[in-house]
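My structure is below; once you've seen it, I'll send some questions.
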Amino acid sequence: MSSTGFTSPFGANANPFGAPRIDVGPMHRVAEEDESENVASPTTHAFGQGPAAEGLTFQHTFGGDAASSQLEHSGPRSPPYLDTYPAQYNFARRTSVSAESLKPTSETYDNWVPPFSPKTPEQLERLKKAISGNFLFKHLEEEQSSQILGALVEKRIPAKDIKVITQGDTGDFFYVVEKGSFDIYVNSKSALQPGPDGMGNKVDTISAGGSFGELALMYNAPRAATVISAEPGCILWVLDRVTFRRILMESTFQRRRMYENFLDTVPLFSTLTPYEKSKIADALESKKYPPGHAIISEGEPGNSFFLLEAGEAVAQKHGVETPVKHYKPGDFFGELALLNDAPRAASIIATTEVKVAMLGKSAFQRLIGPLEGILRRERYVGIKSGVEDTDPLHVPKA
Amino acid sequence: MAATVAPSQSMMSGGGGLHPLQAQGLHAAQRQHQQQQQQKQQQGQNQQPHEDVEPFDVQNRHLTINDFVRVRTLGTGTFARVVLVRPSHGTEAERSKVYALKILRKTEVIKLKQLDHVRHERQILADVSGHPFITSLVASFSDHDFLYLLLDYIPGGELFSYLRKFRRFDEDMARFYAAEIVLVLEYLHEQQGGIAYRDMKPENLLLDADGHIKLVDFGFAKRLGNNDNEHPVETYTLCGTPEYLAPEVIHNKGHTTAVDWWALGILIYEFLTGYPPFWHQNPIEIYKQIVEKPVIFPHDPPISDEAKDIIRQFCTVDRSRRLGNISGGAARVKAHPFFKGVNWEAVANKQYRGPIIPPVRYPGDAQCFDVYPEEDAVKDEYTSEMEQKYDDYFKDF
Ligand SMILES: Nc1ncnc2c1ncn2[C@@H]1O[C@H](COP(=O)(O)OP(=O)(O)OP(=O)(O)O)[C@@H](O)[C@H]1O
Ligand SMILES: [Mg+2]
């Protein structure tokens with residue numbers, strides 16, 4: 001079958017990747033481009049005509065063996081057309097980065113608990129404020145935040161001119177300034193050099209409430225600057241990468257496994273594969289409600305499914321004095337909203353402070369596909385009545 | 001002296017899955033070897049091994065670095081140097097073969113805490129070898145200081161080099177490469193038990209002599225599972241290349257194969273504009289942009305609505321909305337308007353012609369690769385203490 005056999009949405013072109021190509025074409029094309037710099041991109045119609053002998057030109061400009069400087073890997077390469085290029089973009093090859101591999105405690109069977117060093121309420125407040133704007137801390141769960149705040153350790157820097165970070169060294173710690181100030185120096189050679197001016201130029205000063213070294217919380221990369229104390233009697237709070245990443249990992253990991261276990265007990269999901277359940281677990285959103293709050297209101301259209309993570313709740317129906325059902329952690333409600341558009345048949349009221357994990361109908365459908373398909377899956381047949389029996393939100397068909 | 005062929009008993013008896021002709025060859029080789037030994041003993045000689053050709057058989061022989069001659073370096077990365085090599089002995093036909101040898105220094109692997117990653121790399125490469133768009137692993141071996149992965153040599157060079165050279169690709173070219181990559185991701189994610197590749201970028205995409213994609217560098221690949229009986233597990237180790245990291249990796253939320261679809265969005269953007277959507281000299285600023293900023297398209301070059309849409313759908317922070325990760329998986333990607341008219345079977349069969357035909361003059365030609373300094377900086381010694389502690393990790397090589 002030749003490539004010209006495919007029907008194409010691209011008008012004259014016979015295939016969706018453009019005109020059928022010929023082997024010498026691109027070489028010719030490159031040559032052509034090298035000669036006249038006004039060809040915007042290697043478009044497909046530019047070749048096919050003309051002699052192919054320019055292949056030699058290609059070798060000449062492209063030949064690695066000839067040590068052509070064009071493809072030398074060191075240093076940023078300059079773009080061929082500066083007009084529409086971002087001016088400072090570095091066009092060099094990019095290498096990868098990696099942190100140490102982390103495995104959740106439950107897989108490795110050791111008993112890791114996050115380190116804890118006590119702090120006064122004022123210190124905690126200051127720390128919270130110092131890290132609240134940082135993109136690495138912004139999206140943390142409450143529990144994660146408090147563990148991380150607890151894990152920061154104090155480090156006293158008694159004298160002036162003490163190096164806390166050395167440019168070019170590998171970095172493992174993130175610092176928050178509690179007291180005093182620190183000067184930041186950058187040497188253009190990417191590392192501290194010997195001699196009096198070895199630190200390079202002073203670029204910034206960081207004082208109480210500021211922080212530095214956050215890249216070290218992601219992976220071990222050479223430090224981009226040297227940091228020294230600018231006065232005596234400075235105090236820092238220090239957090240190391242492994243502690244930071246481990247706190248985040250442990251809590252996420254545990255919650256994911258908990259969700260998966262909960263989801264395994266939902267009859268409506270019994271036809272889903274573990275793979276699909278994992279995707280749902282991944283998409284669940286945590287929410288908190290105060291006691292007395294109506295998580296679901298009778299008569300309103302239902303859009304979400306809920307898992308009760310913590311706390312207790314009851315189901316109430318209009319005209320019925322006592323709750324029709326009690327919910328405890330691990331229970332779920334509202335899953336019929338994923339199935340149909342019927343209004344909620346009961347209200348669910350939090351009786352304590354509650355934490356729920358929530359999944360919207362649209363997210364469910366995006367991840368799993370249309371529900372009719374799921375209902376038609378064979379395994380669902382046997383359990384249908386189970387749903388009707390257990391869920392007071394179910395509106396029996398008239 | 002270099003290790004000689006030491007066929008096991010089962011091989012000699014023609015068992016062990018060995019092709020009978022090969023077994024015969026081994027018999028012959030051994031007979032010859034024995035005769036030589038006898039001759040030597042009779043003549044009282046013990047120096048100068050016979051000048052006869054020592055066969056070069058990558059499958060059935062315990063390889064060492066002495067079995068190869070180094071031609072030149074093809075590429076270097078954070079962890080490894082990849083060298084073009086040819087066999088140092090064997091028949092003329094055998095010696096004319098070339099390979100790419102990926103060399104990892106044990107002390108660096110340990111220092112950079114990549115022990116798990118190199119084991120996964122070897123295992124997964126072995127599992128996926130043979131796919132038309134993935135580099136095949138031929139063999140692996142190790143010695144006191146190094147780990148080696150012997151790979152098929154892919155002569156066309158990095159797609160990265162062509163992209164920088166051309167500045168950017170038009171949409172037809174981008175579509176061609178994206179289509180082949182979609183098939184690779186579909187294979188890894190959906191047919192290979194949920195393998196996340198985790199380092200998609202033009203530097204890791206090579207072109208074969210015909211201009212088709214070959215994915216290299218499985219250094220971060222990880223099997224997460226997607227079979228019907230078990231919950232797949234998300235993974236937490238931050239790895240990848242800064243401009244291509246997915247937001248969930250930066251936030252350490254646990255990540256899945258969905259990271260590869262994010263990266264494909266970044267890749268298509270870079271194909272079409274010549275630079276990635278999020279970039280900065282300071283990596284921290286890249287990460288801030290990735291988690292906080294939407295992808296913005298330049299006015300020039302103009303980008304089609306379909307291309308913008310597929311990029312936005314891949315580069316969606318919410319994984320329950322990210323194309324490739326949502327229901328339908330790769331099939332949904334293939335059905336996107338950006339790929340309208342693509343005959344996917346023809347893509348899989350390499351029936352579309354590559355838009356760039358690399359100027360490869362002969363099989364061992366390396367002119368498509370950049371030139372690198374051949375010398376390593378002086379590195380730490382692999383001490384016997386380290387050997388005791390870590391060599392077990394490397395035993396699969
Ligand atoms: N089979 C091969 N044939 C030809 N060249 C290859 C092959 N494998 C790798 N290379 C070249 O060597 C380079 C480095 O290899 P690789 O990406 O595996 O190393 P790495 O150290 O893991 O890199 P990274 O910094 O991306 O982690 C590749 O970008 C490619 O140019
Ligand atoms: Mg690489």
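Side-chain atoms are counted along with the backbone in the values below, which use heavy atoms only and exclude waters and symmetry mates. In the text below, chain A, chain B and the rest are named by the order of the sequence lines, each starting its count at 1.
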Salt-bridge test for Lys103(A) and Asp116(B): reply yes if a basic N is under 4.0 Å from a carboxylate O, no otherwise. yes

Sort His280(B) into side chain, backbone, both or neither according to what part of it lies under 4.5 angstrom from a heavy atom of chain A. neither

Can you tell me how far CD of Glu260(A) sits from NE2 of His231(B), rounded to the nearest 0.5 angstrom? 4.5 Å

For Arg198(B), which atoms come within 4.5 Å of any heavy atom of chain A: side chain, backbone, both, or neither? neither

Can you tell me how far OG of Ser101(A) sits from NE2 of His117(B), rounded to the nearest 0.5 angstrom? 5.5 Å

Ser327(B) to Ile368(A) - nearest heavy-atom pair and separation: CB-C, 3.6 Å

Side-chain (Tyr236(B)) to main-chain (Phe253(A)) donor-acceptor, under 3.5 angstrom: yes

Atom group of Ile250(B) that falls short of 4.5 Å from chain A, counting heavy atoms: both

Taking the inter-plane angle between the rings of Tyr275(B) and Tyr89(A) on a 0 to 90° scale, is it parallel (under 30°), tilted (30 to 60°) or perpendicular (over 60°)? tilted

Contacting moiety of Glu292(B), where chain A heavy atoms sit under 4.5 Å: side chain

Hey, is the main chain of Phe135(A) close enough, under 3.5 Å, to the side chain of His251(B) for a donor-acceptor pair? yes

Do Glu100(A) and Thr237(B) pass the side chain to side chain donor-acceptor pair (under 3.5 Å) test, and can you show the C-alpha distance, the side-chain angles, and the key distance before you say yes or no? CA-CA 7 Å; Glu100(A) 43 281 276; Thr237(B) 303; over 6 Å; no

Is Asp318(B) in contact with chain A via its backbone, its side chain, both, or neither, using a 4.5 Å heavy-atom distance? side chain

Which atom pair, heavy atoms only, marks the closest approach of Ser98(A) to Phe79(B)? CB-CZ, 4.1 Å

Give me the atom names and distance for the closest heavy-atom approach of Pro274(A) to Pro232(B). O-CD, 3.9 Å

Chi angles and distances behind the salt bridge (Lys or Arg N to Asp or Glu O under 4.0 Å) call for Glu141(A), Lys253(B): CA-CA 11 Å; Glu141(A) 307 268 323; Lys253(B) 283 181 174 166; over 6 Å; no

Just give me the residue among Asn220(A), Thr170(A), Asp264(A) that pairs up with chain B most often, heavy atom to heavy atom, under 4.5 Å. Asp264(A)

Interchain contact, Phe220(B) with chain A, by part (heavy-atom threshold 4.5 Å): side chain

Sole candidate of Arg257(A), Lys279(A), Arg255(A) that passes salt bridge (Lys or Arg N to Asp or Glu O under 4.0 Å) when paired with Glu234(B): Arg257(A)

In terms of heavy-atom pairs under 4.5 Å with chain B, the winner among Lys277(A), Glu214(A), His139(A), Met249(A) is Met249(A)

If only atom types and distance count, is the side chain of Asn252(B) paired as donor or acceptor with the main-chain N or O of Arg245(A) below 3.5 Å? yes

Tell me if a side-chain donor or acceptor on Arg366(A) pairs with a main-chain N or O of Ser320(B) at a distance below 3.5 Å. yes

Pairing residues for Glu270(B) by the side-chain hydrogen bond (donor to acceptor under 3.5 Å, both in side chains) criterion, not counting sequence neighbours: Arg94(A), Arg164(B), Tyr244(B)

How many angstroms lie between OG in Ser96(A) and CD in Glu203(B), if you round to the nearest 0.5 Å? 10.0 Å

Can you tell me how far CG of Asn90(A) sits from CD of Gln281(B), rounded to the nearest 0.5 angstrom? 8.0 Å

